Amino acid sequence: MPAETCIMGLFKDDGKAAKVILDLPAAGFSFRRAHSPIPSHRILEALKLRKGRVGWFTLTGGIIGFFAGFALAIFTSVQWNLIVSGKPIVSLIPFFIVGFEFTILFSVFGNVIGLLVCSRLPDYGGLESYDPRCSGEHFGVLAACEAGREGELMDFFQKKGGEVKVFA
Amino acid sequence: MTDLTYAQIDETVLNTLERPRPRYWVFVALMLCGVLLGAGAWAYQIFVGIGVGGQDIPVAWGTYLINFVFWVGIAHSGTLISAILHLFRAGWRNPIARAAETMTVFAVCCAGLFPFIHLGRAWQVYFMLPLPNQRLLWPNFLSPLMFDVVAISTYLTVSSLFWYTGLVPDLAVVRDRSTGLRHKIFRVLSLGWSGAHHQWLNYSRGYLFFAALATPLVISVHSVVSWDFALGVVPGWHTTIFAPYFVAGAIHSGLAMVLTLMIPLRRIFRYEAIITLNVLENVAKTMILTGLIVGLAYGTEYFIAWYSHNAVEWESFRWRAMGEYAYGLYFMILCNVLIPSLFLLKAVRRSVPWLFAISLAVNFGMWWERFVIIVGGVAHDFAPHAWGLYAPSLVEYCIMVGSFSLFFFLFLLFCKHMPSVSMTEMKETAHHAG
Amino acid sequence: MNTTMPPVQPGRNAAPQRSLFTLGAVLAAAGLAAFLAGLLGPHPQRAWQAFLINFLLWSAMAQGAVLFSAVTHTVKARWTGPLSGLAGAFAGFFPVSLACFLILLIGKNHLFPWLHEDLHGKEIWLNIPFLFTRDGIGFLILYGTGWAYLSQDLKLKFGTSAAGGGLRRMLAGRIPQSDTDIQRVQRRKNLWGGLYCFAFALVLSLIGFDLVMSMDPHWVSTLFGAYHFVKAFYVGLGALIILAAIVHLRRGRSAGIAAAHFHDVGKLFFAFCLLWADFFYVQLTVIWYGNIPEETSYVILRTVTPPWDALAWVVFIVCFIIPFVVLINRRIKTMPGAMIALCSIVILGIWLEHLLLLGPALNHAAAELPLGVTDGLVFVGFLGLMVLALAYTLKTFPEFLPPGGEAPR
Amino acid sequence: MNRRTFLKLAGLGSVSFAAGCSPESPKYLYSLVQAPEDMVTGKATWYASTCRECPAGCGIIAKNREGRVVKVEGNPLHPLNRGKLCMRGQAALQAVYNPDRLKTPLLKEKDGFVPIGFDRAQALLKTKVWEAARRGADRVRLMTEVVGESQMEIFRAALKNWNSSPPVVFEPFAYEALKVANREIFGVDGLVSYRLDQADMLLAFGAEFLETWLSPVEYAWKFKAMHAARGPEKGLFFLVSPFQTLTGANADHWLACAPGTEAVVALGLVRQLLDIRRGKHLPPDLREALEKATEPYQQEAVLKLSGIPLAQYEQLVVRLTEARRPLVLGAGSGQSDANGLAANIASNLLNLLLDPELSLIDAANRHRVETAARRAEVLDLFKALFSGQSDVLILNNVNPVFNLPPENGAKAALEASNLFVVSLSDFIDETSLLADLILPGSLPLETWDDYSGWSSLVSTLQPAMGKITEAPHIGDLFLDVGFETRPVPDYKTYIAERLRKTGRIRNELEWMRTLQQGGLFPAAGQVTSASPATRPQRLPRELASPYESPPAGLAFAVAPSVRFFDGRGANKPWLCEIPDPISRVAWQSPVMIHPATAKSKGLRTADVVRVTSRWGSLEAPVYATEVVHPGLVLMAAGQGHTAYGRYAKDHGANPLGLLPSAVEPACGGTGCGLPDITLEATGRSVELAHTDGSRIQHGRAFILTTTLADLQKGPPPARAGLTMGDFPLTLPLPEGYDPKRDFYPPHDHDHYRWAMVVDLDRCIGCGACAAACYAENNLGIVGEKRIVQGREMAWLEIVRYHDERRMERVMFLPMLCQHCDNAPCESVCPVYAPHHSSEGLNNQIYNRCIGTRFCSQNCPYKVRRFNWFDWEWPEPMNLQLNPDVTVRSKGVMEKCSFCIQRIKEARTWAKNENRPIREGEVTPACVQTCPTDALVFGNLMDKDSRVRRLCDDPRAYQAMGYLNTKPAVIYLKKVLHEV
């Protein structure tokens, strides 16, 4: 298969970027990636992506945490089995506090893990074919074209009112 | 909110990371000395015995617990601002969220020290951790102090993670605008964030969940702190309103601290265009609310103490208003309820000096609120034959100074080496505005 | 940021039809009949108990709903859309509530157990004249501020050409003509809105202490007042959602209540579900841990002693577990039908919760739950009153309804 | 005699080891390769002996562990104290182990004292006395404290050899007036004892018989025998005095007479009785004389002079005349001035008038302290010494320089250059300081001796431990220096010989048994007693002096202290640390004045005032209290030492410095009061080292009282409410749980549920229990400064409350850990350091404690104590520590453990005999020593245990019970005689 070149169009406005993303296929270019300084609804809508799956990690974490909390409290108190203040050895009302805190803690762990997994971070490799301006004020659309059509793609981007950056 | 362009936002914030002037290092050094003073005092206390403090029977808890509650309180508005207001989509939180979260993290660090400091045998503190051991000695999960351990450590972990997650895109910005060592460091710190669409997709979900989880956490944590007292039987401690009342109080003091930090920051870093007067005004408005809630709580406590016709309860509250520590009560009413209600006047809440002054007043008042509760409760409790008073000792003052120094030491370091305003979120605001 | 809405002419078709009034009337009549029957029956105090409970519940609903309008206005939340307007309509129940409050006076001997016991000095606070005076004044202030706030709101909605009857005029007073007028009205609206929120907290705390907590005159819980007004806001939101859903179902998208609105108000409802549970747990834990009989006996009686223990569980499940589990789901919040069902359940739950709090004090050593047809019918009766009040208000002030045909935001 | 006692006595073995073992042994606990047969490491041995902390002479048994005495308890066989002991007795140990105790003799050279060997000191003494003796008569004088008969004989013999007159027995409180009164009215030239226990009504004119008067422990138990509520019965006690001390605080009615008018009231009462025709049996001329003498003391005059309200006075007269077996006690220990003398004579006359048989006066058992010389003789001796009539003065354990008012000539005499002064004291006190040679003798717990508190008994001393110093026993010393050649091998043999001579014992076996039991006693209850035989024929001359009303100024009075006696206790840290029962002030010596007086002078408690009299002045903080007459300034004796070791020196002020030393010619004694002094503010104020908070209990349910009338009405209706007022008694047993009130399920205990019952009607607030607790549980001594900071360590404190309605009424409450069934302190601890044991104890695990102090915060009784520092036990005080109890380190919480070590000991015994622990087998230190049996300890799960039965008493209640803590300390309401 012939070598591909990746070319990035940089736009000052995410509306334009979104438009480009929608038009790329028609123009016969394959969309690679979009970089933006902020989460842009327009771009995400243009990409018609399902919403992220982070939530499932969070939920799992939460459930584990809830039971872990209660388990810890109950296990330890049963181990020592000492009466304090006449309270029952296993008294769920106060143990709920432990359960609750653990729920939050573990959901957050789940959340962070989910975040890293889903968005594939840390990912130092991802910084090739990336333009620093994309963290500033530009919305970058990275598209690929088979060798020879670079010119067309550049024109395409420029017509849409963007600057162009070519990655060898 | 703001009409700055992305470029201007980046510029304003990144300018704050320029090489600091010597005066900055002077301040840092000063704070460091404070920290060392505190550390020295603590070492002395461990060596000689907790008796070097002013505590006694009946008042076995003094400034250590007061400062603990104080710092936890400060820690609260950080998460409130970035989480709850994020859920309510209140745009004005964006300029201050970062600094507030930072404040939270550092305040929790300070707070977390005090439970150790106040222990009679600090070197045995690991007894409070559920470490497996062959003698099956476990901590007592019925104890409010264990709730503390769990809650505070959870809070520290969560708020740090929350803080860092929010920081990542900005770290990337710094990375992209810097060279040399800083570039290398931030390249690592920013985890290779490239703002790619799949990253954003999950990021915004994740951040939302973070906010959704942090909110109940904030409430629970300070409820737990309040239960260090409310779960006891001591008159003036054992009352059901404590949890919400402490939460409101915590937010109150936290917001005050936000103002106290933001106003100089805004001035020094020329953030006027970002942290606009409207932002400060909104903080002030929120403080009116929290102030009123706290006031309502004070009132309710007194009303019920009277209504209950419980001799012990009423005597405790009568003494609170007329006893040796009455001034504390009046400080707290004045500084936490009356003075903040000056914010009802637009002129006041839009005048930076007033804002600053009042924020200081509230910090002061909230410290005294904790004093009145923690010391006042036991000093005059069930057993008249054991009533007694308490006065902090020099060692306690040193440690208090130490904790404040530590806080500002960390904050100073942070705001000169990390973006103290979230550029990304500012851009979003600008985006929606534009 | 907060400019006046453009004066709109609500399509008259929006106003409720006559059938609604008849429905309301029928229900109300049924309730009244049941109540009177109860009074003449063997256990008048049961009838009074039902009356008190429903009075508290439905007044709370109205007060809570209006609070929604006032609060969202005060914090300048921009997501409420037509909901805050609808919420205003609940103010129509205020007069009814006031009337019912005065009726309580008749049943005082059945309603206030402490009238018959030694209060060891608490008589200073707990005596009929003082109680009714202070609570009456409380209600007047609350409802006064509420109406003041809404009338300013209406003024802005009337726009220059306010047609219509005397009440409209009377309430709205002079319609603002110039921009300066509008500015002034704006300011007044802000003021009264803020005041209403403040009054809500104070007055409902007072009512909570006076009409609920004091029924067991020796028990105290400092959080009880706050618990009471959080509860009120909880049911208020429920009622509002139901109303909005009905309007939405009747008028479809033209009602201009978008999924986003339902979602947001749903979230708020969820939040207050959690808050209610929190306040419940906060009180329970502190009292359970403190183990002081003066406090525990009250809770023990209501949570672990039959027949009340069962009721306690029902209340907890219905008011917390169910809404919690259901509302975690995002999409359900945007389904009006489902939300009607859920909110109704919650309202019923809070109704039972009132029974749980008041029942034991009013029926000593009850073998089985004091819950029967009468109670149900009285509930229905109040439902009728609420329907009437809403129908009337919406008829007189169609401005409360979402302006027809506006595209959802 | 209960089982525990028997065990102890069984342990009283030969003394070979105790006497023989070296003081070093504690350093190497297991160093004794061949332990004497009665020493088993880890097992206690008990030695019966006699307490010499005051002249009363109670029997004690000393607990010896690994060669050192660690605890002293009352000897249950001894008829005086019946196994009980006061706080001073408990503190005897701290003389033995006192860090300031002299280890070698000291010889005064030009530049201060230099230590010398005992041999040299003894030789020096010997040469000195014999030289002096050769020089003529009375060249050697001996002044001694009250000592036993054997020692007294040796003294006499030795002095005879030195051809000098017999020793002068010096006691600061020598009861001159009382002796005269007894001589004149009872014909007994000495100090009779009183059968308080038989009386049903008691009237005292200041005799503080619960603290220092004659024999406090004896009279404490006798007092409660008549005064404790037995069903609806209860004896009555009136006190006529310008102030209350501990004894006064226990009076049912305190008639606050103007200072110096006790005699007036007494004579007034005599008059009243004569008026109602009492005393017809008196010889007519005596009767007439009496009527004449009491002429000026008609009721009006009495009321006018004494300032007593008519109602109270009439009530007194009525009760006195109605009483079936009334007993009247005279003035206080120190009261030997005109007023005291008249009061004493009048009281004896009252006894005679009320009960011709004098059946409550016991002339057969006389108090040993009667051997003390009159103050006049003491002063004469000093005069003589000053005028150089002697060369050597030997002082045996006396401290006249401190105990006598100034201008007494003692100091001058001792400083007289030609006089060689030898002090046989173990401490450098004010007197020894002036001595030329200090030759410490061994202390009572280390020696053989006999001392009989009652003339009818033999009560022996034996070494309960090895010697800590090389100090010889005074007896042995005198056998050496007082005779050319020792008449007997040693003092021990001498005692045995003497007893054999007097026919008290017949052979070695009896001697051993005597030692073993601590003396020869009649079995309890069979004490023989005899009322005085003779009756007075004429009116005593001494009564002649008519009363002239005092000047208008403030009067001053010195009260002997329950803690320091005459001051000899002031060097014992326990006694300093345990606060005064009335003021609750420790280490300091405040002047007590009436709040009205304070107000009029613009003074507040803790303001420092200067009190000035013609003879001296002192500065002390004010303590305003209603228990003193507005016209009086009261101060406790015993503190204000300028020497006498680290604990005594520079603490408080010495009130004796204000008094005149002139004696009352009629009886040769002096008073402890002064008609007028000046009191002026210094403008300074100090922080009082008090351990109390509020003086009233703000209507709380700590101390509850009931009246005799209510008791007679029968049991009150059962309480069933939830409030402080009407909360029921909830025993710390499953039955104490009520599903209506309790969230928590009841829990069971296995076999034992330890509990204590405290009868507030029996508690006299003497603080013996607190001292016992300090001794048993190794409580830290924190000192004045830290008590000011609120860091005292007392596990058991006697809480003092004033009655809110009548501030002059004082009530006492022993407050200790309540060992609650639902203890608020337990659950709040993050590490289970405090928790509920399977036998119901509230355990505190020191090793586990990390010092969060939450438990203390949450304890409604505030009985928990925290180790703010590592407390110090300066050598050799550490040797006293109880090896069965941990010494807590800094940073841990501690509190009363119900003496768990004793429970464990009892369990071991029970296990060995595999049976359950028996009733009465476990007695915590406080319970053991309580002179009035106010404390009862036992197992609640045993249906017929005493504690369980007492719980059914209608007076039973729990402190702040409405908090639902279910305390295991059940209090019985104090019973008041309706006013």
Side-chain angles (χ1 to χ4, degrees), chain B residues 1 84-85 87-92 142-144 147 212 215-216 219-220 223-224 226-227 229-235 237-248 278 282 285-286 288-289 292-293 295-314 344, chain C residues 1 71-72 74-79 119-126 191 194 197-198 201-202 205-206 208-210 213-214 217-227 229-230 264 267-268 270-271 274-275 277-292 294-295 299 328:
Chain B
M1 275 291 176
I84 299 184
L85 295 184
L87 292 182
F88 281 124
R89 307 201 216 100
W92 58 267
L142 275 171
S143 163
F147 304 157
T215 309
I219 294 171
S220 76
S223 304
V224 165
S226 80
W227 287 335
F229 312 100
L231 293 191
V233 293
V234 178
W237 282 13
H238 181 69
T239 163
T240 50
I241 203 171
F242 255 31
Y245 159 32
F246 267 50
V247 174
N278 290 336
N282 281 316
K285 285 180 181 167
T286 324
I288 301 177
L289 176 67
L292 286 175
I293 298 177
L296 186 64
Y298 297 164
T300 315
E301 275 201 304
Y302 259 92
F303 168 70
I304 292 295
W306 171 81
Y307 166 86
S308 70
H309 270 65
N310 175 326
V312 177
E313 199 70 17
W314 179 236
L344 288 166
Chain C
M1 55 179 29
V71 142
T72 48
T74 320
V75 304
K76 302 195 172 39
R78 278 163 299 159
W79 51 265
L119 296 178
H120 310 291
K122 278 191 187 176
E123 295 83 354
I124 310 164
W125 182 258
L126 293 182
L191 173 66
C197 303
F198 192 59
L202 287 180
S205 309
L206 181 68
F209 289 135
D210 274 352
M213 191 177 86
S214 73
H218 303 298
W219 185 75
V220 293
S221 167
T222 37
L223 189 55
F224 203 84
Y227 174 70
F229 70 68
V230 164
D264 289 333
K267 275 194 286 186
L268 201 57
F270 184 48
L274 294 176
L275 199 57
D278 178 43
F279 279 23
F280 176 85
Y281 177 76
V282 161
Q283 297 184 80
L284 178 68
T285 318
V286 170
I287 292 172
W288 181 91
Y289 207 104
N291 190 34
I292 300 173
E294 277 177 317
E295 296 174 345
V299 184
I328 283 184

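Just so it is clear: chains get the letters A, B, ... in the order the sequence lines come, proteins before strands, and each one is counted from 1. The model shown is predicted, which means the values in this text are computed figures rather than measured ones.
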All salt bridge (Lys or Arg N to Asp or Glu O under 4.0 Å) counterparts of B:Glu301, not counting sequence neighbours: B:Arg320
Residues which pass salt bridge (Lys or Arg N to Asp or Glu O under 4.0 Å) with C:Lys122, listed by chain and number, not counting sequence neighbours: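 With sequence neighbours excluded, C:Lys122 shows a salt bridge (Lys or Arg N to Asp or Glu O under 4.0 Å) to no residue whatsoever.
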With a 3.5 Å distance limit and no angle check, can you tell me whether [X] reaches the backbone of [Y] through a side-chain donor-acceptor pair?
| X | Y | result |
| --- | --- | --- |
| B:His238 | C:Gly290 | no |
| C:Tyr289 | B:Leu142 | yes |
| B:Thr240 | C:Gln283 | no |

For [X], is it the side chain, the backbone, both or neither that has a heavy atom under 4.5 Å from a heavy atom of chain B?
| X | value |
| --- | --- |
| C:Leu274 | neither |
| C:Phe198 | side chain |
| C:Thr74 | neither |
| C:Leu126 | side chain |

Largest heavy-atom contact set with chain B, pairs under 4.5 Å, which of C:Asn291, C:Asp264, C:Ile287: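 Max contact count across the listed options: C:Asp264.
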Pick from C:Glu294, C:Met213, C:His120, C:Glu295 with the largest number of heavy-atom pairs that fall under 4.5 Å of chain B: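 When all of C:Glu294, C:Met213, C:His120, C:Glu295 are compared, C:Glu295 has the most.
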Proximal component of [X], with respect to chain C [non-hydrogen, under 4.5 Å]:
| X | value |
| --- | --- |
| B:Leu296 | side chain |
| B:Ile219 | side chain |
| B:Pro144 | both |

Euclidean distance, C:Leu268 CG relative to B:Leu87 CG, rounded to 0.5 Å: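 Nearest 0.5 Å value for the CG-CG distance: 11.5 Å.
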Ring geometry between C:Phe209 and B:Phe303 (parallel below 30°, tilted from 30 to 60°, perpendicular above 60°): tilted
Leading residue by heavy atom contact count with chain C [cutoff under 4.5 Å; candidates B:Phe88, B:Tyr245, B:Tyr307]: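 Looking at each of B:Phe88, B:Tyr245, B:Tyr307 in turn, B:Tyr307 comes out on top.
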Residue among B:Ile304, B:Leu231, B:Val233, B:Asn310 with most heavy-atom pairs under 4.5 Å to chain C: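 Going by pairs under 4.5 Å, I would pick B:Leu231.
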Using side-chain heavy atoms (C-beta onward) and a distance below 4.5 Å, is [X] in contact with [Y]?
| X | Y | value |
| --- | --- | --- |
| B:Trp306 | C:Ile124 | yes |
| B:Phe242 | C:Val282 | no |
| C:Val286 | B:Thr239 | no |

